[in-house]
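Notes follow once the structure below has been shown.
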Amino acid sequence: MFKTPRGTQDILPAEQPYWDYVRKTAARVAFEFGYGRIDTPMFEATSLFQRGVGDETDIVQKEMYSFEDNGGDSLTLRPEGTASVCRAYIEHGMQNLPQPVRQYYVAPMFRYERPQAGRVRQHHQFGVEAIGDASATVDAEIIELGFRYLSQLGLSHFTLRLNSLADPEERKPYLAMLHDYFSRYSGDLPKVDLARLERAPLRLLDSKEEATRKIGEDAPRALDYLGDQSRLHWEELTGLLEDLKETYPSFEYQTDHRLVRGLDYYNRTVFEFEPQNAGGQGTMIAGGRYDPLIEILGGPPTPGIGFGSGIERIILELKAQEVPVPQPDELKAVIVSVGPARNAASRLAAELRSHGIATVLAPARSFKAQMRYANQSGAVNAVILGERELEAGVAALKSLRSDTPQVEVPLDKAAATLAAG
RNA sequence: GUGGGCGUAGUGUAGUGGUUAACACGUCAGGUUGUGGCCCUGAAGAUCGUGGGUUCAAUCCCCACCGUCCACCCCA
């Protein structure tokens, strides 16, 4: 028997209210901040991600769905959204638009990973990108957007962590210092982290190993190695975030020098929103500034900042916090009909639908079975159309939700009566 | 990629080294002739994840693989 490929899932009708709710909320909040929707292809040139995400990252090294098409081009199912949006920015000359260019997307992403809670091979992200403005105002705007998104969804009990990774030229000496620092404790480091020390020293800072965390508490902090520009940027940002507390009484953030990033293109501001009782894969929003990226991709030097938010994880959290989500519009009418009235029933169904009344025909079974069907369908009304009604030119309307008595209405009044009720 | 838990009808579970694998929910039908919900009766639905092995005999024991869940890794 066929099954969904590993790490993928069908989103069945019963789940759709959550998806509708999240997508609509995302679109509304993006709109409120002046972000326009962008859709990019689901696959791109493989080299876009190699260059943009970083050749050395795990995503590119071992998680991409890459294939060669019949023309011999190497293509890759996008593992993240930022590279594509930046490619579009360059390709369509968006530097000629008023800056910054604000765009958002809701789209599936693909990574060959081992599935677990909050991690699948096809996941969906709501992402926003503001390209073309280096000022801290935009950093604050993006963070506010993320906060508002979560708040509007009805989520609470989440935290915002914030850090600066400095600019690339400032990071080099910092990384060297970090490496030296941890090397001094190499005897006390667990195996996993010893391996990481050479590969990605920053990663030691957010290690889950107790021993490493302890050592990491006194490790050199990127924030202490910011250059003048980066420092000014940081101070402006934290100032703006303090102001945000005036607008949003529940807004909080904490700077956390252990917050780092796996993707290469980030500089300066990085941030994450996560649930307070986060399990393994809890991060709901992760973002940051990526000033070097556009140039890396062959565009003019152009700053940018954005975030990605995993919809599957948001939905997990909506369920965990028991946030009620709007249910789809209800089915209004099930037409129950027998024998010679079935044709008239079809015509009546078309008539009701043309008035925007959701209508289904009960299956051609016994009368009793049709009534049962109507009851189980969850519809508001049964519309009964039998020989007697047909002769009288009426339909019998019976409420399935209450015990109000059944009424007969002329066929041409049925739509109006149902719409009113 | 590493480690651990788990794989029995659509769903949730029970069960046993040996004849027709059980229960609940769900589905379908019927309970007299045109009225649902409750109730009653019946039916359909499972190669007991797959492939090997042990055994006279395996759904049950062993191994491998696959899948799933969880943690690591990584990340949204």
Side-chain angles (χ1 to χ4, degrees), chain A residues 1-9 12 14 22 53 56-63 78-82 105-127 146 190-193 195-196 199-200 203 206-209 259-263 272-275 278-288 306-317 334 336-341 362-363 365-390 396-403 405-406:
Chain A
M1 187 163 74
F2 288 113
K3 292 195 233 178
T4 56
R6 182 162 203 203
T8 65
Q9 50 201 132
L12 302 176
V22 173
V53 177
E56 300 306 312
T57 60
D58 275 21
I59 289 181
V60 170
Q61 288 276 309
K62 47 191 196 191
E63 295 184 357
R78 68 172 162 229
E80 58 100 50
T82 302
Y105 54 84
V106 175
M109 307 292 164
F110 306 87
R111 294 180 200 169
Y112 183 83
E113 299 194 85
R114 188 94 174 251
Q116 67 177 78
R119 194 173 78 185
V120 287
R121 289 184 173 178
Q122 174 178 333
H123 78 279
H124 298 75
Q125 278 188 35
F126 164 48
K191 256 192 306 212
V192 264
D193 285 324
R196 260 195 292 220
R199 206 174 67 239
R203 282 263 153 227
D206 71 344
S207 171
K208 297 206 168 109
E209 299 289 339
L259 178 60
V260 300
R261 263 306 116 73
L263 283 61
E272 286 188 7
F273 287 89
E274 59 192 4
Q281 311 289 326
T283 302
M284 295 188 289
I285 295 181
F307 72 64
S309 173
I311 296 181
E312 282 82 355
R313 289 184 187 177
I314 294 280
I315 290 176
L316 284 175
E317 196 56 23
V334 172
V336 172
S337 64
V338 288
R365 299 181 191 149
S366 72
F367 203 90
K368 191 187 197 75
Q370 291 193 41
M371 284 305 291
R372 274 193 187 133
Y373 176 86
N375 182 241
Q376 286 163 206
S377 71
V380 183
N381 295 288
V383 177
I384 299 162
L385 199 54
E387 288 181 68
R388 288 207 302 265
E389 287 81 6
L390 198 57
L397 271 39
K398 183 186 177 74
S399 169
L400 295 168
R401 306 258 180 99
S402 66
D403 288 323
Q406 184 168 318

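Throughout, a chain's letter reflects where its sequence line sits, starting with A, and its residues are numbered from 1.
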Report task. Determine the interatomic distance between C1' on B:rG52 and the same-named atom on B:rA71; round to the nearest Å. Result -> 31 Å
**Report entry** Pairwise P distance for B:rG34 and B:rG30, with rounding to whole Å
**Finding:** 12 Å
Query raised in the report: Between A:Gly287 and A:Arg261, which heavy-atom pair has the shortest distance, and what is it?
Result: O-NH1, 2.8 Å
Report summary line: In whole angstroms, the gap separating P of B:rC72 from CG of A:Asp206 amounts to 12 Å
Query - Interatomic distance at P, B:rA9 relative to B:rC48, whole Å - result: 10 Å
Query raised in the report: Can you tell me how far P of B:rC75 sits from CZ of A:Arg121, to the nearest Å?
Result: 17 Å
Query - d(CG, A:Asp193; P, B:rC74) in whole Å - result: 8 Å
**Report entry** Between B:rA76 (P) and A:Asp58 (CG): distance, integer Å
**Finding:** 12 Å
Query - A:Arg6/A:Glu113 ion pair, N-O < 4.0 Å - result: no
Requested in this report: Summarise how protein sits on nucleotides 33-48 of chain B as a single string, 5' to 3': B when a protein heavy atom is under 4.0 Å from the base, S for sugar-phosphate-only contact, - for no contact.
Outcome: -BBBB-----------
Query raised in the report: Distance between the P atoms of B:rG67 and B:rC74, in whole angstroms?
Result: 23 Å
Query raised in the report: When rounded to the nearest Å, what value does the distance between C1' atoms of B:rG4 and B:rA14 take?
Result: 26 Å
Query raised in the report: Checking only heavy atoms, does the side chain of A:Arg313 share a donor-acceptor pair with the base of B:rC75 at less than 3.5 Å?
Result: yes
Report summary line: Of the candidates B:rC69, B:rC74, B:rA76, the side chain of A:Glu63 sits closest to B:rC74
Query raised in the report: Considering all heavy atoms of both residues, which atom of A:Val120 and which atom of A:Gly7 are nearest to each other, and what is their separation?
Result: CB-O, 3.2 Å
Query raised in the report: Rounded to the nearest 0.5 Å, what separation is found between the OH atom of A:Tyr105 and the CD atom of A:Gln125?
Result: 5.0 Å
Query raised in the report: Hey, are the side chains of A:Arg111 and A:Gln122 touching, using non-hydrogen atoms and a 4.5 Å cut-off?
Result: no
Query raised in the report: Given B:rU68, is OP1 or OP2 found less than 4.0 Å from the side-chain N or O atoms of A:Lys3?
Result: no
Query raised in the report: Counting any heavy atom closer than 4.0 Å, what does A:Gly127 reach on the DNA or RNA strands: base, sugar-phosphate only, or nothing?
Result: nothing
Query raised in the report: Which heavy atom in A:Arg78 sits nearest to a heavy atom in A:Pro108, and how many Å separate them?
Result: NE-O, 2.8 Å
Requested in this report: Check step by step if side-chain hydrogen bond (donor to acceptor under 3.5 Å, both in side chains) holds for A:Glu272 and A:Thr283.
Outcome: CA-CA 7 Å; A:Glu272 286 188 7; A:Thr283 302; 3.3 Å; yes
Query raised in the report: Excluding sequence neighbours, so at least two apart, what forms side chain to side chain donor-acceptor pair (under 3.5 Å) with A:Arg121?
Result: none
Query raised in the report: Roughly how many Å is it from CD in A:Glu209 to C1' in B:rC73, rounded to a whole number?
Result: 11 Å
Requested in this report: For the residue pair A:Ile384 and A:Glu389, establish whether any side-chain heavy-atom pair is separated by less than 4.5 Å.
Outcome: yes
Query raised in the report: Just how far, in rounded Å, is P of B:rC75 from CZ of A:Arg261?
Result: 9 Å
Query raised in the report: Can you tell me if the side-chain N/O atoms of A:Arg111 get under 4.0 Å from OP1 or OP2 in B:rC74?
Result: no
Query raised in the report: Between A:Lys62 (NZ) and B:rC75 (P), how many Å, whole number?
Result: 9 Å
Query raised in the report: Hey, does A:Val383 reach any base, or is it just sugar-phosphate, or nothing, if we go heavy atoms under 4.0 Å?
Result: nothing
Is there any protein nitrogen or oxygen under 3.5 Å from a nitrogen or oxygen in nucleotides 5-7 of chain B, and what are the pairs?
none

Query raised in the report: Expressed in whole Å, how much space separates the P atoms belonging to B:rU47 and B:rU59?
Result: 13 Å
Query raised in the report: Between atom CE of A:Met371 and atom CD of A:Gln376, what is the distance when rounded to the nearest 0.5 Å?
Result: 11.5 Å
Requested in this report: Tell me which nucleotide among B:rA76, B:rG30, B:rC70 gets nearest to the side chain of A:Ser366.
Outcome: B:rG30
Query raised in the report: Using a distance-only test with no angle check, is there a side-chain donor-acceptor pair under 3.5 angstrom linking A:Asp193 and A:Ser207?
Result: yes
Query raised in the report: Over how many whole Å does the gap from A:Leu12 atom CG to B:rU11 atom P extend?
Result: 11 Å
Query raised in the report: By side-chain contact (heavy atoms from CB on, under 4.5 Å), which residues pair with A:Lys368, not counting sequence neighbours?
Result: A:Ser366, A:Arg372
Query raised in the report: Hey, is the side chain of A:Arg114 pairing donor to acceptor with the base of B:rU2 inside 3.5 Å?
Result: yes
Requested in this report: Heavy atoms only: give me the nearest A:Ile314-A:Val22 pair and the separation to one decimal.
Outcome: CG2-CG2, 4.1 Å
Query raised in the report: Taking only residues two or more places apart in sequence, or in another chain, which ones meet A:Ala362 in a side-chain contact (heavy atoms from CB on, under 4.5 Å)?
Result: A:Val334, A:Val336, A:Gln370, A:Tyr373
**Report entry** Sugar-phosphate only, base, or nothing, as touched by A:Thr57 at under 4.0 Å among non-hydrogen atoms
**Finding:** nothing
Query - Sugar-phosphate, base or nothing in reach of A:Gly339, heavy atoms under 4.0 Å - result: nothing
Query raised in the report: For RNA chain B, whose closest nucleotide is more 5', that of A:Gly287 or that of A:Arg6?
Result: A:Arg6
Query raised in the report: Which nucleotide sits closest to the side chain of A:Arg119: B:rA29, B:rC75, B:rG1?
Result: B:rG1
Query raised in the report: When all nucleic acid strands are considered with a 4.0 Å heavy-atom cut-off, which category describes A:Arg365: base, sugar-phosphate, or nothing?
Result: sugar-phosphate
Report task. Taking atom C1' in both B:rA43 and B:rG3, compute the distance separating them and give it to the nearest angstrom. Result -> 47 Å
Report task. Looking at every strand, decide which applies to A:Ile311 at a 4.0 Å heavy-atom threshold: base, sugar-phosphate, or nothing. Result -> nothing
**Report entry** Rounded C1' spacing from B:rG26 to B:rU68 in Å
**Finding:** 23 Å
Requested in this report: Can you tell me which stems RNA chain B forms, taking runs of 3 or more consecutive Watson-Crick or G-U pairs with both distances under 3.5 Å?
Outcome: B:1-7 with B:66-72, B:10-13 with B:22-25, B:27-31 with B:39-43, B:49-53 with B:61-65
Requested in this report: Answer with yes or no whether A:Gln116 presents, from its side chain, a donor or acceptor under 3.5 Å of a partner atom in the base of B:rC73.
Outcome: yes
